[in-house]
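In what follows, every chain begins at residue 1, and chains take the letters A, B, ... in the order their sequences are listed.
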Amino acid sequence: MAELPGQIRRMSGGISQLLEQIYGFSRRCLFRVISMGPIPSHLAFIMDGNRRYAKKHGLEDGSGHKAGFSALMSMLQYCYELGIKYVTIYAFSIDNFRRQPEEVQSLMDLMLEKIKSLLEKESIVHQYGIRVYFIGNLALLNDQVRAAAEKVMKITAKNSRVVLLICIAYNSTNEIVQAVKKSCINTSDNMEAYGNDKHEDRDSDIEGTDMENQEKRIQLVDIEENMQMSVAPNPDILIRSSGETRLSNFLLWQTGNTQLFSPASLWPEIGLRHLLWAVLNFQRNQSYLEKRKKQL
Amino acid sequence: MNFMIHANHLLVLFTLSTMLSMLWFLLSLLSLLLLPCLRPCFPAKGSLKNKKKIDKGTYVVGEEETPKELQRELMPRHVAVIMDGNRRWAKQTGLLTSQGYEAGAKRLLEFADLCFKLGINTVSAFAFSTENWGRHKIEVKCLMYLFQRYLKSKIQFFQSKEIRVSVIGNLAKIPESLLRTVHELEEATKSYKKKHLILAIDYSGRFDILGACKSIVKKSEQGLIREEDVDETLFERELQTKCTEFPSPDLLIRTSGEQRISNFFLWQLAYTELFFSPVLWPDFDKQKFIEALVSYQRRDRRFGSRL
């Protein structure tokens, strides 16, 4: 008789495992069907609504972000199962440093804990062979977080199946200014080398046209190459949770032609249905987009 | 005898109850038929309700009375609009594409006028993208001709309403005649300060950023700025939106249901509230705009920091 509760527990555990497997199997079947049509190659997420989630459920402050992290892991699993190669997430903005110091600190602690967990054997990184990039002004982070981030980038550098870009201490305007500065430096270096070569070749007065040449030499590709996000193509879909419809200084340069999608659910409530809806809409618009691309 | 009386009573009772139930049945039937006509009619999509409100506004001369649903102090300072859907509208209404564009141009002027009346200082409109050059040559030519004719004919209108008009964009490929009209219009309206209409013709957000980059390079070569001074504030001042005091729109509206920026402002939209309307641009009337403004005023703009 004393064994009965234990047996019941084992049975219910077994049943839920079975249900999970059935669910996973049907999900993968569904993904097979969907991937008959075009699949986006790059999906970006703005994970908004964690604090409101905690408030809504009466949880303590940090729990919203923890719930958000679980939602993120599920989303990543779905994306990589579906065959999406690049996923970018907006983890922490430079503007977020202006929040209350306690909140910033707890976020940094959470991020350190989660970044370290990426290196564990059972983590999603090893499961899917993810290459991880940390995009942003990493100098603004504390030493521990920065060191952990750099370690993860180094260790996952050999992975090539799928890519995860984590935007941390990131602002799109900051990224653009840094890229502009770098392309100016490169251009002036090139001009110097070019000028030296010219002097070697022949005696010609090229002072007047120097500036003009320099201007001509900076092209869109120069700025694009120096963008931190140049390791990935432009996002096909940008999903922002919690119903807010704004970019909040995220991937401004890259989302010129990105499909924007803002479901009302808070980030920890995001689920498979939102991803499916976004992908199906993408597939619906794809033929129109292809036609436009041909026009360019 | 008693039995007869009882039977009679029963008969009377039976007849009365039958008549009452029939009456009751008739009354219910009647009420079902008449009730919809007795209650006030609720028209589709609240247009009648809002129409009343619209009527309230149009009787005020000069500044528009703020509609009941909106708060004057929460009005955006700069509204940007991507005027999408003119060709589809023309197809739907059985008109030519050029007529669709004309309707779109007319709608823009009405929209801008309404914005200024509601206290919005700056309005920018995406008239022609760098990517639109890829459209059919005749269509592009027709569009350029429409711009030129429309802008020229409206110079007096802008002057009478004291609206400053600026045109931003590459402007290198547009026809000479249009360029002349643009200069003429900008010259004629440059002194007005309170109302500003910015037209983006042959504009691309990326080229705007590239242009700012080139301008910074030039200035640093000339020794006007040092490389270490280049930050986001300085960069913003080099963009084409430097013609206005409020380069970043508070609200961007895109019509026709597409949910994309399509390379309009990129830098400037960092914190802009986006509003996507399924309506086609020529149908985007005052009521639809008020819906967009209501949505804007309800939003909680945190700029990344406060709770």
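Between B/F265 and A/L252 there is no side-chain heavy-atom pair separated by less than 4.5 Å. Proximity of B/I261 to A/L260: side-chain heavy atoms (C-beta onward) are separated by under 4.5 Å at one or more points. Contact of the B/L234 side chain with the A/V177 side chain is not registered, since no non-hydrogen atoms from C-beta on lie closer than 4.5 Å. Taking 4.5 Å as the limit, some side-chain heavy atom of A/T245 sits within range of a side-chain heavy atom of B/R299.
For chain B, no part of A/F97 is nearby; none of its heavy atoms comes within less than 4.5 Å. Residue contact with chain B, scored on non-hydrogen atoms closer than 4.5 Å, involves the backbone of A/T255 exclusively. Proximity to chain B (any heavy atom under 4.5 Å) is shown, for A/L220, by both the backbone and the side chain. When heavy atoms are compared at a cutoff of 4.5 Å, A/N174 approaches chain B by way of both its backbone and its side chain. Of the two parts of A/Q178, neither the backbone nor the side chain holds a non-hydrogen atom closer than 4.5 Å to a non-hydrogen atom of chain B. The contact between A/T258 and chain B is made entirely by backbone atoms, counting heavy-atom distances below 4.5 Å. In this structure, the portion of B/F276 lying under 4.5 Å from any heavy atom of chain A is its side chain and not its backbone.
Rounding to the nearest 0.5 Å gives a distance of 9.0 Å between CD of B/E232 and OG of A/S172. Taking CD from A/Q219 and CZ from B/F207, the interatomic distance works out to 8.0 Å, rounded to the nearest 0.5 Å. Here the OG1 atom belonging to A/T173 is positioned 10.0 Å from the CZ atom belonging to B/F235, to the nearest 0.5 angstrom. We find the OG1-CZ distance between B/T272 and A/R246 to be 10.5 Å, quoted to the nearest 0.5 Å.
Of all the heavy atoms in A/E244 and B/D300, the pair that sits closest is OE2-O, 4.0 Å. Minimum interatomic distance between A/V180 and B/C213 (heavy atoms only, all atoms of both residues): CG1-SG, 3.7 Å.
A 6.0 Å sphere centred on NZ of B/K242 holds more than 12 heavy atoms belonging to other residues, nucleotides or ligands. Counting non-hydrogen atoms of neighbouring residues, nucleotides and ligands closer than 6.0 angstrom, the CD atom of B/E73 exceeds 12 such neighbours. For CD of B/E245, the number of neighbouring non-hydrogen atoms (other residues, nucleotides, ligands) closer than 6.0 Å is 12 at most. More than 12 heavy atoms of other residues, nucleotides or ligands shown are found within 6.0 angstrom of CZ on B/F246. In the displayed structure, B/K288 atom NZ is contacted under 6.0 Å by more than 12 heavy atoms of other residues, nucleotides or ligands. Within a 6.0 Å radius of CD1 in B/I138, no more than 12 heavy atoms belonging to other residues, nucleotides or ligands are found.
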Practice task
Please lay out, stage by stage, how A/N257 and B/E131 fare under the test side-chain contact (heavy atoms from CB on, under 4.5 Å).
Solution key: CA-CA 11 Å; A/N257 284 307; B/E131 289 155 13; 4.1 Å; yes
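The choice from A/V104, A/N281, A/I223, A/L238 that makes the most heavy-atom pairs within less than 4.5 Å of chain B is A/I223. Listed options A/I176, A/I94, A/N171, A/D48 were ranked by heavy-atom pairs under 4.5 angstrom with chain B; first place goes to A/I176. Your options are B/L269, B/I209, B/L252, and the one with the most heavy-atom pairs under 4.5 Å with chain A is B/I209.
The main-chain N or O of A/W253 is found under 3.5 Å from a side-chain atom of B/R206 such that the two form a donor-acceptor pair.
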